[in-house]
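The structure appears right after this line, and notes come after that.
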Amino acid sequence: MSSDDDHVSASSRIAVTDRLHILKDDLSEDFIRASGPGGQNVNKVSTAVQLRFNLSGNETLPQDVKSRAARLAGSRLTLNGEIVLQADRFRTRERNREDALERLLDLLRKATEKPKPRKATKPTLGSKKRRLDAKKQRGQIKKMRGRGGRFDD
């Protein structure tokens, strides 16, 4: 780890992988009213969590991981560079908070995987022949159309 990471306490870090972490300071939570099961409680208590992760302001993740995370986040990425996740599957704040954090970490773990580069291949001789044969056959069909069905070569 670099020297600027040394001053950050371990309690303010959240491990993404064994090598990468994010800081709790990059996260913010808002509690909102949830829909779904909960009876009368659902109208009174704000149990759903809206987790915001400041991706653009994060300094612990490499740039390539950030760009892949932004692409994976899609519409959950705001114009300010924050990833917003909403969790309301459970009836308690704590379970929803854990759910949102786990979903964020899953997204970031997927972003750490480098895509396999595509290797260009040449078409096989057989596929070239099949393509040309199909073109000739199609041409013959079109040649038979119109002009009263005469054969002109």
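This one's a predicted model, so the numbers in the text were calculated from it and none came from an experiment.
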List for me each residue that meets side-chain contact (heavy atoms from CB on, under 4.5 Å) alongside [X], sequence neighbours excluded, and say none if there are none.
X	value
A100	V49, L51, A87
K122	none
T78	R52, N80, E82, V84

Using a strict threshold of under 4.0 Å (side-chain N to carboxylate O), is an ion pair present between [Y] and [X]?
X	Y	result
D64	R68	yes
R103	D99	yes
E94	R97	yes
R130	D133	no

I'd like to know whether CZ of R109 has more than 12 heavy-atom contacts from other residues, nucleotides or ligands below 6.0 angstrom.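 Yes, because the 6.0 Å sphere around CZ of R109 holds more than 12 heavy atoms from other groups.
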Roughly how far apart are [X] [atom1] and [Y] [atom2], rounded to 0.5 Å?
X	Y	atom1	atom2	value
L85	F53	CG	CZ	10.5 Å
L132	S127	CG	OG	9.5 Å
K128	R131	NZ	CZ	9.0 Å

If you take all heavy atoms of L72 and L107, which pair is closest and at what distance?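 Taking every non-hydrogen atom into account, CD1-O, 3.8 Å.
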Looking at every heavy atom in both A69 and L108, which two are closest together, and how far apart are they?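 So the two residues come closest at CB-CD2, 4.0 Å.
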Side-chain heavy-atom pair R145, I141 within 4.5 angstrom cut-off: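 R145 vs I141: side chains touch.
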